[in-house]
Amino acid sequence: MTFDNQYVQQRIEKANQLREVGIDPYANNSNRNTTIEKYHNVNSDLMQKEDKRDEHRHYTVAGRIKLFRLMGKASFLKIEDESGMLQIYVARDNLPENFYNDIFKKLIEVGDIIEVTGYPFVTQQGELSLHAHELTLLTKAISPLPEKFHGLQDKEMRYRQRYLDLIMNSEVRKTFHIRSKVVSLTRRFFEDKGFLEVETPMMHPIAGGANAKPFLTHHNALGVDRFLRIAPELYLKRLIVGGFEAVFEINRNFRNEGMDATHNPEFTSIEFYWAFKTYKDLIVLTKEYFDYLFDHLNLPKRLPYGELEIDFDQFTEIELIKSLTTIGGVPENIVNDKQGILDYLKSHNLETKPAMNLGQLQGELFDEFVEGKLINPTFITHYPVEISPLARRNDERPELTDRFELFIAGREIANAFSELNDPVDQLERFEGQMAAKDSGDDEAHEMDEDFVTALSYGMAPTAGQGIGIDRLVMMLTNQHSIRDVLLFPAMKPIQHNQLNNGEEE
RNA sequence: GUCCCGUUAGCUCAGCUGGUAGAGCAUUUCACUUUUAAUGAAGGGGUCGAUGGUUCGAAUCCAUCACGGGACACCA
């Protein structure tokens with residue numbers, strides 16, 4: 001790490017010059033007494049008044065200089081704090097002797113964080129501003145900011161140096177404010193319903209609760225390998241066995257899979273489990289949850305998503321098998337015919353494995369022909385049992401499960417079901433997954449004997465659900481890459497010494 | 001993992017079929033006391049992602065690598 005860039009050197013020199021005249025370029029304290037947003041709120045009355053200034057009001061605001069317009073003996077600055085942007089008017093004769101010429105003009109610049117005291121006034125152009133009579137440098141920025149008009153465009157830099165992205169792009173700050181609110185509202189919604197927030201292990205001896213490849217790490221003291229969790233499900237259900245009747249956990253899951261616009265190796269979900277309820281209760285709860293979010297976020301129910309418009313007042317519900325024909329256009333006579341599906345998929349140039357069972361093939365059909373078409377919120381219900389190793393069988397049709405997934409804008413947002421609580425059935429399903437694993441399916445579910453033991457003590461009838469928070473935030477903020485709703489998305493490290501390559505491995 | 005595209009000044013971007021690099025903003029110097037991406041004038045600033053190759057000559061053509069973006073595959 002060096003500061004040998006010419007512009008950085010110039011600014012370091014300015015910091016040194018400030019020190020020489022007794023100004024600390026990294027001041028220890030601030031006397032700010034209002035935020036910029038409050039300043040605007042309190043003083044906007046001047047816009048309507050005859051006298052466009054009020055010298056009896058005094059405020060001290062602080063912020064980063066984003067624009068600097070110097071016009072001889074007076075200047076206009078725009079400073080920004082988290083709450084907003086404010087124009088500052090600085091005139092030579094209102095500041096201490098020589099401060100304007102020797103300090104302000106020469107040693108303070110865009111990017112620096114300053115504090116300004118003055119009174120409110122409205123400029124001839126009609127902008128509420130602050131007339132400065134005191135100006136203090138709080139923090140010297142020695143790296144220059146990106147260009148003022150286009151901002152920071154380079155995606156790689158935006159993700160790697162998110163702080164710069166946040167400085168330059170206010171809409172990015174807005175996205176992450178919404179994300180924070182979504183998490184907070186989610187927590188409040190479930191707490192208000194009587195759910196208990198719990199924390200279960202992130203390091204698992206068995207990576208269970210989903211079909212995915214885990215990250216592997218090692219615990220030195222115990223001398224054992226541990227997996228970063230792919231889902232908290234099996235632990236949360238153990239808590240239901242233990243007698244907690246409504247629990248939720250909001251936290252990270254880790255999956256060692258490919259990365260793309262909707263997948264990051266670590267992602268956030270909420271999982272919740274509710275005893276004495278069924279998946280049908282969860283459909284009602286999910287709608288209520290969305291209403292709650294929209295209400296508290298002050299969002300309209302019809303939201304743009306790229307070219308699409310999503311109507312969050314239009315939740316529909318359809319069984320998976322039925323959606324294959326009505327939405328997917330798959331011929332009705334083949335949806336329950338293994339060979340028929342194989343032929344159909346083949347005729348659409350889609351890869352198939354002959355070892356796939358009927359349920360898996362129906363899942364394939366759904367993924368290919370239905371999923372992408374589900375724009376408005378849609379609950380797809382009654383998944384085949386073969387692709388639902390942890391879900392309760394439907395009482396009338398045991399080849400199906402009491403399960404739904406919620407799709408919005410062609411993407412899976414939530415997965416929920418009445419939980420399988422028959423320990424013998426659960427054991428058999430695990431054994432089925434083991435067989436699938438032996439025959440090459442490396443994402444088949446792991447056997448978790450302790451979980452089966454837990455069920456053997458009796459788990460009340462329970463419904464459980466997971467919601468992908470990142471994808472939900474994408475929907476709500478009209479973002480099309482998961483990286484744009486993650487403050488620090490996963491990135492490959494930069495190789496600094498490229499001369500060394502070829503010598504490794 | 002695979003395929004396609006990209007990487008040029010601090011930032012945003014030009015740079016055609018190969019002839020030793022340009023603009024705007026920023027920066028430096030000067031002028032300017034109500035500007036709105038302020039304005040006017042002058043100057044400085046580059047290992048053209050890296051390494052090889054082709055060529056008299058490479059930002060430009062070729063190969064390999066690195067990083068990023070998009071699509072596909074897998075997953076959520």
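Just so it is clear: chains get the letters A, B, ... in the order the sequence lines come, proteins before strands, and each one is counted from 1.
The pair A/Lys140-A/Glu109 counts as a salt bridge, with a side-chain nitrogen and a carboxylate oxygen less than 4.0 angstrom apart. Electrostatic pairing of A/Glu386 and A/Arg429 does not count as a salt bridge here, judged by no charged N lying under 4.0 Å from a carboxylate O.
Using a 4.0 Å cut-off, some side-chain N or O of A/Gln125 falls inside it from OP1 or OP2 of B/rU35. A close approach under 4.0 Å does not occur between any side-chain nitrogen or oxygen of A/Arg158 and OP1 or OP2 of B/rG68. Taking only side-chain nitrogens and oxygens, A/Lys492 never comes nearer than 4.0 Å to OP1 or OP2 of B/rC65. Between B/rA37 and A/Arg69, no contact under 4.0 Å exists linking OP1 or OP2 to a side-chain N or O. Considering only side-chain N and O atoms, A/Lys14 lies under 4.0 angstrom from the phosphate OP1 or OP2 of B/rU28.
Applying the 5.5 angstrom centroid cut-off and the 30 degree plane-angle cut-off, the aromatic ring of A/Phe76 is not stacked upon the base of B/rA38.
To the nearest 0.5 Å, atoms CG (A/Leu374) and CD1 (A/Ile327) are separated by 5.0 Å.
For A/Lys346, the NZ atom is loosely surrounded, since the number of other residues' heavy atoms within 6.0 Å does not exceed 12. Applying the 6.0 Å contact sphere to CE of A/Met203 captures no more than 12 heavy atoms from other residues, nucleotides or ligands.
Spacing of C1' atoms, B/rG44 relative to B/rU36, comes out at 29 Å, to the nearest Å. The gap from the C1' atom of B/rU17 to that of B/rG69 amounts to 28 Å, rounded to the nearest Å. With P as the reference atom, B/rA21 and B/rA26 are 26 Å apart, rounded to whole Å.
In summary, the side chains of A/Glu233 and A/Tyr235 do not present any donor paired with an acceptor at a separation below 3.5 Å, with no hydrogens or angles considered.
A cation-pi geometry, defined here as NZ or CZ lying under 6.0 Å from the six-membered ring centre and within 45° of its normal, holds between A/Arg403 and A/Tyr383.
At a cut-off of 3.5 angstrom, counting only N and O atoms as typed in the model, there is no donor on one side facing an acceptor on the other between the side-chain of A/Asp260 and the base of B/rC72. Counting atom types as modelled, A/Tyr89 pairs a side-chain N or O with a base atom of B/rU33 as donor and acceptor under 3.5 Å. Residue side chain A/Gln124 does not reach the base of B/rU35 through any donor-acceptor N/O pair under 3.5 Å, judged by distance alone. No N or O donor and acceptor, one from the side chain of A/Ser75 and one from the base of B/rU35, sit under 3.5 Å apart.
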N/O to N/O distances under 3.5 Å, protein versus nucleotides 40-44 of chain B:
{"unit_1": "B/rG44", "atom_1": "N2", "unit_2": "A/Tyr7", "atom_2": "OH", "d": "3.0"}

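The aromatic ring centroids of A/Phe195 and A/Phe190 lie less than 6.0 Å from each other. A/Phe254 has its ring centre no less than 6.0 Å from the ring centre of A/Phe227.
Using a 4.5 Å heavy-atom threshold, the side chains of A/Leu77 and A/Ile114 count as touching.
The side chain of A/Pro146 lies closest to B/rC11 when the candidates are B/rC25, B/rU36, B/rC11. Side-chain proximity of A/Tyr159 to B/rG10, B/rA76, B/rG69: nearest is B/rG69. Set against B/rU36, B/rU12, B/rU33, the side chain of A/Leu152 has B/rU12 as its closest nucleotide. When the nucleotides B/rU33, B/rC67, B/rU12 are ranked by their closest atom to the side chain of A/His150, B/rU12 comes out on top. Checked against B/rA37, B/rA76, B/rU33, the side chain of A/Ile482 finds its nearest nucleotide in B/rA76. Listed nucleotides: B/rG24, B/rG70, B/rC32. Nearest to the side chain of A/Lys73: B/rC32. Of the candidates B/rG70, B/rA76, B/rC74, the closest approach to any side-chain atom of A/Glu257 belongs to B/rC74.
At the heavy-atom level, A/Asn94 lies nowhere under 4.0 Å from the strands shown. Contacts of A/Met168 with the nucleic acid, taken as non-hydrogen atoms under 4.0 Å apart, are absent. Residue A/Asn211 is in sugar-phosphate contact alone, with no base atom involved, counting any heavy-atom pair closer than 4.0 Å across all strands shown. Among the protein residues, A/Leu70 comes within range of the nucleic acid bases, having at least one heavy atom under 4.0 Å from a base atom. Using a 4.0 Å heavy-atom distance criterion, A/Arg471 is classed as a base contact. Residue-level contact check: A/Gly466 touches neither bases nor backbone, having no heavy atom under 4.0 Å from any strand. A/Phe121 comes within 4.0 angstrom of a nucleotide base, judged by non-hydrogen atoms across all strands. Among the atoms of the strands shown, base atoms are found under 4.0 Å from some heavy atom of A/Gly258. Across all strands, A/Lys213 comes closer than 4.0 Å to no nucleic acid atom at all (heavy-atom distances).
Each of A/Asp470 and A/His480 lies near RNA chain B, and the nucleotide nearest A/His480 is the one positioned closer to the 5' end. When the nearest nucleotides of RNA chain B are assigned to A/Leu67 and A/Asn415 by heavy-atom distance, the more 5′-ward of the two goes with A/Leu67.
Using cut-offs of 30° and 60° on the angle between ring planes, the pair A/Phe404 and A/Tyr279 is tilted.
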Problem set entry | Pairing annotation in dot-bracket form, given for RNA chain B with Watson-Crick or G-U pairs under 3.5 Å and | for cross-strand partners | (((((((..((((.....[..)))).(((((.......))))).....(((((..]....))))))))))))....

Exercise. Under the side chain to side chain contact (heavy atoms under 4.5 Å, CB included) criterion, do A/Met474 and A/Arg411 qualify, and how do the steps go?
Worked result: CA-CA 11 Å; A/Met474 286 169 69; A/Arg411 300 208 171 111; 3.8 Å; yes

